[in-house]
Protein chains: 2
Amino acid sequence: MSRPTIAGVARAAGVSVASVSRVLNGLPATEEMVERVQRAVDELGYVPDARARSLKVGRTFQLTLAVADVGNPVYVTMMRAVEEVVSAAGYRLVVTTTGPDVVDEVALVRGMARGYADGLLISPIRVDEDLVKSIRECEVPVVVAGNVPAKAGVDTVRANSPKGMLLAVDHLVAKGRRRIAFLNGPADTVPGAARSKGFAEALKAHELQPAAVAEATDFTFAAGRAAAPDLLAAGGLAGSRSHRRRGGDEPAPTTIRPTGGAFDAVICANDLLAVGVMHELAAAGLEVPADVAVVGMDDSELAEQSFPPLTSVNLGSAERGRRAAELLLARIEDNDRTPRRIVVQPSLSIRRSTP
Amino acid sequence: MSRPTIAGVARAAGVSVASVSRVLNGLPATEEMVERVQRAVDELGYVPDARARSLKVGRTFQLTLAVADVGNPVYVTMMRAVEEVVSAAGYRLVVTTTGPDVVDEVALVRGMARGYADGLLISPIRVDEDLVKSIRECEVPVVVAGNVPAKAGVDTVRANSPKGMLLAVDHLVAKGRRRIAFLNGPADTVPGAARSKGFAEALKAHELQPAAVAEATDFTFAAGRAAAPDLLAAGGLAGSRSHRRRGGDEPAPTTIRPTGGAFDAVICANDLLAVGVMHELAAAGLEVPADVAVVGMDDSELAEQSFPPLTSVNLGSAERGRRAAELLLARIEDNDRTPRRIVVQPSLSIRRSTP
DNA sequence: ATCGTTCTTGTAATCGTTTACAGACCAGAC
DNA sequence: GTCTGGTCTGTAAACGATTACAAGAACGAT
């Protein structure tokens with residue numbers, strides 16, 4: 001036997017479908033009516049069909065969060081924050097994953113027109129013309145967690161990577177490190193580009209030259225490990241298992257060897273890369289932070305789980321999630337409001353991977 | 001202007017809605033018809049409404065995966081495997097998160113009757129009568145990744161925790177460890193109960209007594225850290241910063257001190273707990289694996305990311321995800337098949353946290 | 001008793017699709 | 001020329017809810 005419909009309930013209660021619908025939605029009705037309907041509903045175990053309902057009322061009370069890589073712990077922070085806000089507002093949150101390809105994201109955004117959800121929260125890793133276009137034309141409200149051109153005319157919440165980079169460099173310099181290397185993710189991604197620029201600016205602010213720069217093929221642990229040898233080689237540290245050990249708190253020598261020299265600190269574009277690098281540093285016989293200080297970005301749960309715990313730039317992922325969710329709810333409420341562009345300020349979570 | 005409907009397309013193409021629907025669904029039509037419809041669709045940017053479609057055909061072509069804790073890396077392994085299988089079959093996967101409370105899970109299962117998806121894949125952390133009942137009565141096919149009574153009459157895919165425990169103990173014993181401690185998660189959970197039983201059996205098989213047992217309040221990193229002091233105290237290792245150091249490969253002394261003695265190995269009910277414990281061991285001045293060997297369970301991405309990399313019991317999360325997804329697809333195909341109960345065999349991923 | 005309010009309930013249209021059914025058309029066979 | 005059979009297309013009825021509108025009931029005021 002198939003599941004009961006509102007017509008079945010109406011029949012069982014001896015009333016009309018309209019009445020059933022009304023009591024179910026809390027519209028005024030006599031006490032007796034409420035009671036009869038309630039009984040029939042309980043008896044049949046009736047549950048209204050969300051598809052039919054949303055077809056009629058034009059809302060699904062679902063929101064979609066699209067993330068590129070479920071394996072990246074920064075998303076769990078963000079997801080938790082988003083979930084909290086939207087569920088408090090009476091929405092269900094469903095998460096879908098796009099691949100690293102921008103075409104998947106475009107397909108997803110276009111697909112929103114099918115009416116899966118009332119809004120979309122997307123954190124694109126790569127952005128191109130197509131994606132911007134699809135977002136602008138999207139049938140449902142979209143907010144982007146990340147950097148997208150203003151002309152897209154869409155609400156955005158983004159991090160301040162350059163400022164975050166500066167915090168990291170400030171900290172390292174204050175601890176006496178001068179030969180700072182940088183491991184980026186793919187530079188053709190939004191965060192990759194931002195962090196690359198930020199790193200250059202931050203070093204310039206301190207009148208330093210980068211000690212070494214490398215680019216991983218992905219924002220993943222494996223890519224971080226794979227890229228580390230290049231970085232070590234560029235820094236003249238490759239295979240230096242016999243690298244001189246210094247006492248923990250003794251400041252690094254101040255002789256600044258510009259680019260190409262050995263480095264005493266490395267900043268990584270996210271925590272996964274940083275943890276990957278730390279593994280390779282250990283394998284090369286280098287100690288963190290004594291020989292090389294390591295700074296990650298995102299301040300994800302992984303940062304405190306790693307060993308040594310990772311000093312990491314907190315780019316406000318929880319706050320970004322929260323603000324983005326709020327923007328989305330506000331836009332669903334009023335689609336004519338002018339798009340906001342929120343920038344969340346970073347902070348530095350200092351842990352033991354830096355002196 | 002609102003988004004176009006099939007009627008708008010029909011008007012623009014000068015044909016009937018039925019014809020539009022037919023060409024869109026690839027039913028036979030003349031070449032000219034196909035071409036006219038196609039043109040109108042492209043011109044208007046028409047995208048069919050999934051709600052209306054699924055209301056009529058009774059299928060959404062969506063599958064739901066419900067996980068308890070997005071922060072647990074074991075789920076990313078599983079999620080990836082599930083995603084692969086279901087997307088190959090032409091379904092969208094949406095992920096929702098339940099809390100640690102069984103009432104949330106019951107609500108979710110009941111809610112499936114609203115027609116959000118064609119099937120549900122759930123990995124419940126706690127199971128009670130209500131949950132079993134709600135699963136049995138669920139309107140859409142459900143498969144459970146985890147252990148649920150056979151009388152629930154539902155497809156399940158589960159791990160073999162006792163066997164996995166045995167692999168861990170075998171390995172530790174082979175390396176000369178005899179005083180083995182155990183950090184469990186909450187014992188009132190499905191995995192907690194299974195692992196507790198498995199640990200006891202595995203020790204018995206080797207005629208050993210547990211060196212110490214503790215129970216964390218959750219399967220999380222924080223809970224692992226919080227529970228570690230108890231474990232160390234129970235093992236007489238509390239605050240033993242001056243603990244005697246042994247050479248790395250030298251076997252532990254064979255004097256077996258039964259329960260209450262210091263331990264030289266600890267098995268943790270999942271990887272997060274294990275990493276939490278490793279942090280506390282380090283804080284207590286103990287070295288892994290020289291002083292204490294550590295074994296995790298799940299063999300999640302975190303196991304290889306941790307430092308030292310964590311020896312972990314692979315409970316087959318990827319395979320479980322894959323098999324569970326296949327069962328779900330098969331049941332959607334034919335809801336009358338008799339429920340299968342698949343058990344996935346474990347293996348041991350040996351890394352550097354054990355000698 | 002009649003009228004006009006107000007409150008409650010039922011009838012039927014609607015949301016955007018799919019699809020059963022019937023009608024139109026055409027070709028070939030007699 | 002008529003009939004048969006086969007395509008192809010259009011009309012209209014679902015799917016399961018919400019809701020505008022109308023009708024009926026109750027009740028007090030005149």
Side-chain angles (χ1 to χ4, degrees), chain A residues 1-41 44-62 111-118 139-140, chain B residues 1-41 44-62 111-118 139-140:
Chain A
M1 131 193 121
S2 180
R3 61 185 268 216
T5 73
I6 197 173
V9 175
R11 212 173 314 119
V15 302
S16 75
V17 292
S19 297
V20 176
S21 175
R22 274 189 289 258
V23 333
L24 256 32
N25 293 327
L27 297 176
T30 62
E31 203 165 313
E32 193 216 339
M33 173 67 78
V34 171
E35 211 249 341
R36 287 171 74 168
V37 170
Q38 209 55 261
R39 198 204 324 273
V41 164
L44 298 177
Y46 168 74
V47 178
D49 185 303
R51 302 186 299 258
R53 171 166 219 276
S54 74
L55 176 58
K56 190 65 177 75
V57 304
R59 302 179 68 172
T60 62
F61 294 94
Q62 291 198 154
M112 290 309 290
R114 309 180 96 90
Y116 292 128
D118 298 339
E139 303 289 339
V140 302
Chain B
M1 125 195 123
S2 181
R3 60 185 269 217
T5 72
I6 198 173
V9 175
R11 210 174 313 121
V15 301
S16 76
V17 292
S19 296
V20 177
S21 174
R22 273 189 290 258
V23 334
L24 256 31
N25 292 328
L27 297 176
T30 62
E31 201 166 314
E32 193 216 339
M33 173 66 79
V34 171
E35 212 249 342
R36 287 173 73 169
V37 170
Q38 209 56 261
R39 196 200 329 272
V41 164
L44 298 176
Y46 168 74
V47 178
D49 185 305
R51 300 187 299 259
R53 172 166 218 277
S54 74
L55 176 59
K56 192 66 178 80
V57 304
R59 302 181 66 173
T60 62
F61 294 94
Q62 291 198 149
M112 291 307 291
R114 308 180 97 88
Y116 292 129
D118 298 340
E139 303 289 339
V140 302

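Naming convention: chains lettered A, B, ... in sequence-line order (proteins, then strands); numbering from 1 in each chain.
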Presence of B:Thr30 side-chain N/O under 4.0 Å of D:dT9 phosphate oxygens OP1/OP2:
yes

To the nearest angstrom, the CZ-P distance between A:Arg114 and C:dG16 comes to 16 Å

**OP:** Have a look at A:Ala29 and say if it touches a base, only the backbone sugar-phosphate, or nothing, with a 4.0 Å heavy-atom cut-off.
**Re:** sugar-phosphate

A:Arg36 atom CZ is separated from C:dT8 atom P, nearest whole Å, by 16 Å

Check: Would one find a side-chain N or O of B:Ser21 under 4.0 angstrom from OP1 or OP2 of C:dT18?
Finding: yes

*Is a donor on one side and an acceptor on the other found under 3.5 Å between the side chain of B:Ser54 and the backbone of B:Ala50?*
yes

Here the distance between atom P of C:dC15 and atom CZ of B:Arg3, to the nearest Å, is 13 Å

- Query: Can you find a side chain N or O atom of B:Thr5 that sits less than 4.0 Å from OP1 or OP2 on C:dG16?
  - Reply: no

Ranking D:dT11, D:dA14, D:dG16 by distance to the side chain of B:Lys56, first place goes to D:dA14

Are side-chain heavy atoms of B:Tyr116 and B:Thr60 found at a separation under 4.5 Å? no

Taken to the nearest whole Å, CG/A:Leu27 to P/D:dT18 is 10 Å

Against the side chain of B:Ser16, the closest entry in D:dT11, C:dG16, C:dT9 is D:dT11

For B:Ser16 and B:Ala10, the nearest pair of non-hydrogen atoms, with its separation, is C-CB, 3.7 Å

Axis-to-axis angle for the helix from C:dA1-D:dT30 to C:dC30-D:dG1, ends of five pairs each, to 10°, equals 70°

Per atom distances to the B:Leu55 side chain, the nearest of D:dC8, C:dT18, D:dG16 is D:dG16

The reported gap from CZ in B:Arg39 to CZ in B:Arg36 (rounded to nearest 0.5 angstrom) is 8.5 Å

The nucleotide from D:dG10, D:dG16, C:dG16 with an atom nearest the side chain of B:Met33 is D:dG10

Looking only at atom types and distance, does a side-chain atom of A:Glu139 sit under 3.5 Å from a main-chain N or O of A:Met112, one as donor and one as acceptor?
no

Heavy-atom nearest pair, A:Asp118 first then A:Phe61, reads OD2-N, 2.7 Å

From the candidates D:dA17, D:dT9, C:dT17, the one with an atom nearest any side-chain atom of A:Ala52 is D:dA17

When rounded to whole Å, the CD to P distance for the pair B:Glu139 and D:dG16 reads 12 Å

- Item | Expected output: side-chain B:Arg3 to main-chain A:Ala113 donor-acceptor under 3.5 Å | yes

Atom CD of A:Glu31 and atom P of C:dT9 are separated, to the nearest Å, by 12 Å

Checklist entry - Is a side-chain N or O of B:Asn25 found less than 3.5 angstrom from the main chain of B:Leu27, in a donor-acceptor match? => result no

Query - Flag side-chain contact, heavy atom, 4.5 Å: A:Thr5 against A:Asp49 - result: no

The contact string for nucleotides 20-25 of chain D, one letter per nucleotide 5' to 3', using protein heavy atoms under 4.0 Å with B, S and - for base, sugar-phosphate only and none, comes out as ------

- Task: Keeping the roles fixed (side chain from B:Arg53, backbone from B:Pro48), state whether a donor-acceptor pair exists under 3.5 Å.
- Result: no

When rounded to whole Å, the CG to P distance for the pair A:Leu24 and C:dT9 reads 15 Å

Rounded to whole Å, CG of A:Leu44 lies from P of D:dA17 at a distance of 12 Å

